[in-house]
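Notes to accompany the following structure.
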Amino acid sequence: MARKVIIDSDPGIDDAVALTVALFDPRLDVVACTATGGNVPVEQTNKNLQALIERLDPPRLPRIGCGAPADSGTPTDARHIHGADGLGNLNLPVPELHHQHRAEKIIHDEIKAAPEDVTILALGPLTNIARAFRRDPTLATQVGQIIIAGGAINQIGNITPAAEFNIYCDPVAAREVFRLPVTKTLAPLDVTRNLEFALDLIDDLPEETTRAGALLRQLLPFLFRSHRQQLGIETIHLQDTMALLYLTDPDLFETEPMAGDVETQGELTIGATVFDRRIASTWRENMDVVTSVKAEPVRERLRQLLRNAGEAT
Ligand code: BDR
Ligand code: CA
């Protein structure tokens, strides 16, 4: 039976790749997609999510939830990587947004509708997820698991020297989610950086004549260009897609249980993830952390999933 999943994202090009793959993977039942602010402000991610789903037109339409600005964190964005609109400056047409539901309500309702069966895949700042569990703490006993794309173990950050972007955007929310008594897995930057994609990924995308292919053939060249121009590297990382693949193909990854928390106040370190790995550690383990990836098999699996998405569109 397909696994029920709620995808909370801040589209974002790597979010868009993950959504494209997930919405056509028969192993998944994407019951809802919710937008959170991050790569671009939440007003824009709300539009981007709606536009992507409209454009991809999957066989089963997920419920859509709109985000609202975070209560904590330093306003920032990743427009230099994803474009002014967050989606490679495509300025996708946005359908009229009718009957908008708040993201935290959708998350709440979908977990309640299928207790213990729903996985949350968190591909952006954790604002919506923290709000949903704050609003109803009983969700903690009813959610299946949470997989989080974010944080860093032994690595330098990607938004500050110390912090990874998704955690930095809303560190208070991230701390709340880290502390939830829920099964959680973190897919951190350490592993993202061991999973590079070269330009030949574009050659293997579905044909231009398919909806998935047409979209990704417009988006991915922008991401390669911005990585070259802004970061000086010829390859791209797809953090969000990696987290999705951990959900669908966990045998391609290794994890370790760890005790993790988030720095919410440091002048230089706000948003950094901190793990107690002392020999005589005193913190309780509260999550599994992805520590290694079988890079070539994951790249091959992604190509295969993209082909499937192409065939379905
Ligand atoms: C994360 O930050 C965002 O730019 C990406 O979409 C990804 O979720 C990488 O740190
Ligand atoms: Ca993201």
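One-based numbering, in listed order, for ligands and for the atoms of each. Values below: every heavy atom of this structure, side chains too, minus hydrogens, waters and symmetry copies.
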Legend entry - Polar atom proximity, Leu123 to ligand 1 (N or O, under 3.5 Å): yes
Legend entry - Neighbour count >12 (heavy atoms, 6.0 Å) for atom CD, Gln265: no
Inset, instruction - Around atom 3 (C) of ligand 1, find the nearest protein heavy atom and jot down its residue, atom name and distance. - result: Asn39 OD1, 3.1 Å
Legend entry - Closest non-hydrogen atom pair between Val262 and Ile167, with its separation: CG1-CG2, 3.6 Å
Inset, instruction - For His82, take its heavy atoms, then give the atoms of ligand 1 lying under 4.0 Å from any of them. - result: 4 (O)
Legend entry - Asp15 OD1 and Asp10 OD1 subtending at the Ca ion (ligand 2) (10° steps): 80°
Legend entry - Check: Ile81 and Gln230 side chains under 4.5 Å, non-hydrogen atoms: yes
Legend entry - Contacting atoms of ligand 1, where contact means under 4.0 angstrom from a heavy atom of Glu164: 1 (C), 9 (C), 10 (O)
Legend entry - Leu123 near the Ca ion (ligand 2) via N/O/S, less than 3.0 Å: yes
Inset, instruction - Looking only at N, O or S atoms, find the one in Asp240 nearest to the Ca ion (ligand 2) and name it. - result: OD2
Legend entry - Point-to-point distance, once rounded to the nearest 0.5 Å, from CD of Glu54 to CG of Leu56: 10.5 Å
Inset, instruction - Give the residue and atom name of whichever protein heavy atom lies nearest to atom 8 (O) of ligand 1, and the separation in Å to one decimal. - result: Asp240 OD1, 2.6 Å
Legend entry - Flag side-chain contact, heavy atom, 4.5 Å: Arg27 against Leu305: yes
Inset, instruction - Specify side chain, backbone, both or neither for Ile81, according to which of its non-hydrogen atoms lie closer than 4.0 Å to ligand 1. - result: neither
Inset, instruction - With heavy atoms only and a cut-off of under 4.0 Å, state how Thr192 meets ligand 1: side chain, backbone, both or neither. - result: neither
Inset, instruction - For the residue pair Phe275 and Phe178, categorise the inter-ring angle as parallel (less than 30°), tilted (30 to 60°) or perpendicular (more than 60°). - result: tilted
Legend entry - Modelled atom types, side-chain donor and acceptor of Asp14 and Thr241, under 3.5 Å: no
Legend entry - Neighbour count above 12 (heavy atom, 6.0 Å) for Arg284 CZ: no
Legend entry - Distance filter under 4.0 Å to Gln239 heavy atoms, resulting ligand 1 atoms: 9 (C), 10 (O)
Inset, instruction - Report, in ascending order of atom number, the atoms of ligand 1 lying under 4.0 Å from any heavy atom of Asp14. - result: 5 (C), 6 (O), 7 (C)
